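Working notes, structure below.
Below, chain A is the first sequence line, B the second, and so on; all start at residue 1. Note that the coordinates shown come from a computational prediction; the quantities given were computed from them, not determined experimentally.
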Amino acid sequence: MALKRGEVTGDERLKRIWQAVAAIPRGRVDTYGGVACRAGLPRRARLVGHALKVAPSALRLPWHRVLAAGPRISFPQGSAAYLEQRRRLEAEGHCFCGGRLVSSARDAGTELDEWLWGPRKDGR
DNA sequence: GTTGTGACGACTT
DNA sequence: AAAGTCGCCACAA
């Protein structure tokens, strides 16, 4: 309807991204690239950021669990958003050092993949 | 239609 | 290790 270019405005993708973000379990974090990949949109990390920005608060998306590569918070250090995200992450059992998120499991050099989503043997 | 910017990431120098 | 560059795409001016 109403949309030209033979496609939607991207709302479908936004929903997909929101769904992927909502699927992040508590106490777990993911990166923009990871969310994009899970949403079926590889290389669209920026799109994920945009999706989160335009995401309605009514969705109750755990946006604070989405971090930039690093893992670090994408917001400028010291900004309100940065502090809030950090606080929420700490409330879920994460630790922060400087601009970097430090997990107790990561300390030994655990692979980021395992640290992020754990071993998935279903081969998916 | 072009340009710049952005809640990014990966690669290259 | 740090900075620069490119890719990718949506949106505002």
Side-chain angles (χ1 to χ4, degrees):
Chain A
M1 322 201 2
L3 274 312
K4 312 97 201 181
R5 302 192 336 202
E7 274 297 342
V8 292
T9 59
D11 192 41
E12 289 283 331
R13 290 163 196 170
L14 292 183
K15 287 180 183 176
R16 222 173 163 84
I17 292 172
W18 294 337
Q19 193 173 14
V21 174
I24 303 176
R26 190 181 76 82
R28 207 75 57 111
V29 296
D30 201 356
T31 62
Y32 289 93
V35 170
C37 200
R38 279 189 23 190
L41 302 165
R43 312 273 182 152
R44 305 284 187 276
R46 266 177 141 146
L47 220 24
V48 175
H50 183 72
L52 290 177
K53 186 169 60 177
V54 300
S57 53
L59 293 178
R60 299 249 209 268
L61 290 179
W63 59 271
H64 54 276
R65 295 180 192 146
V66 184
L67 305 175
R72 59 186 222 184
I73 293 179
S74 50
F75 294 111
Q77 189 171 359
S79 65
Y82 173 89
L83 293 175
E84 183 172 337
Q85 184 170 17
R86 183 167 106 179
R87 182 176 169 81
R88 289 186 93 158
L89 286 172
E90 288 178 351
E92 294 194 353
H94 299 291
C95 302
F96 255 87
C97 183
R100 281 265 300 265
L101 181 142
V102 179
S103 184
S104 41
R106 191 221 78 113
D107 186 77
T110 310
E111 281 296 325
L112 191 63
D113 185 62
E114 182 182 347
W115 168 62
L116 285 175
W117 286 91
R120 39 184 195 185
K121 44 212 160 180
D122 16 293
R124 224 236 340 176

With rounding to the closest Å, how many angstrom separate the P atoms on C:dT5 and B:dG4?
15 Å
Atom NZ in A:K15, atom CD1 in A:I17: separation rounded to 0.5 Å?
13.0 Å
Who are the side chain to side chain contact (heavy atoms under 4.5 Å, CB included) partners of A:A55, not counting sequence neighbours?
A:W18, A:L61
Would you indicate whether the side-chain heavy atoms of A:I24 and A:V35 approach each other to under 4.5 Å?
yes
Using the C1' atom as the reference point in each nucleotide, state the distance between B:dG6 and C:dG7 in Å, no decimals.
14 Å
In whole angstroms, the gap separating C1' of C:dC8 from CG of A:L47 amounts to 8 Å
Atom-to-atom span, CG of A:D30 to C1' of B:dA7 - whole angstrom:
14 Å
Main chain of A:V66, side chain of A:Q85: is a donor-acceptor contact present, judged purely on distance under 3.5 Å?
yes
C1'-based separation of B:dG1 from C:dA12 [nearest Å]
14 Å
Spacing of the P atoms in B:dC8 and C:dA1 (rounded, Å):
22 Å
Taking A:R44 for the side chain and A:P42 for the main chain, is one N or O donor matched with an acceptor at less than 3.5 Å?
yes
Please list, by residue number, the residues of residues 77-91 of chain A whose heavy atoms come closer than 4.0 Å to an atom of DNA chain C; answer none if no residue qualifies.
none
Can you list everything that forms a side chain to side chain donor-acceptor pair (under 3.5 Å) with A:R65? Sequence neighbours excluded, please.
A:E92
Generate the contact string for nucleotides 8-13 of chain B. Rules: B means base contact, S means sugar-phosphate contact only, - means no protein heavy atom under 4.0 Å.
BSS---
Mind calculating the distance between CZ (A:R72) and P (C:dA2) to the nearest angstrom?
11 Å
Close N/O contacts between protein and nucleotides 3-5 of chain C (under 3.5 Å):
none

Above 12 or not: heavy atoms from other molecules or residues under 6.0 Å from CD of A:E90?
yes
Show me, pair by pair, the donor-acceptor contacts under 3.5 angstrom made by side chains of residues 67-80 of chain A, not counting sequence neighbours?
from  : atom 1 : to    : atom 2 : distance (Å)
A:S74 : OG     : A:Y32 : OH     : 3.1
A:S79 : OG     : A:P76 : O      : 2.7
A:S79 : OG     : A:Y82 : N      : 3.3

NA contact type, A:L52, heavy-atom cut-off 4.0 Å: base, sugar-phosphate, or nothing?
base
Where A:H94 and A:V29 come nearest, the two heavy atoms and their spacing
NE2-CG1, 3.5 Å
Nearest whole angstrom, please: distance from the P of B:dA7 to the CG of A:L14.
15 Å
Heavy-atom closest pair (A:A22 atom, A:P62 atom, distance to 0.1 Å) is CA-CD, 3.9 Å
Show the nearest heavy-atom pair for residues A:A45 and A:A36, with the distance to one decimal.
N-CB, 4.1 Å
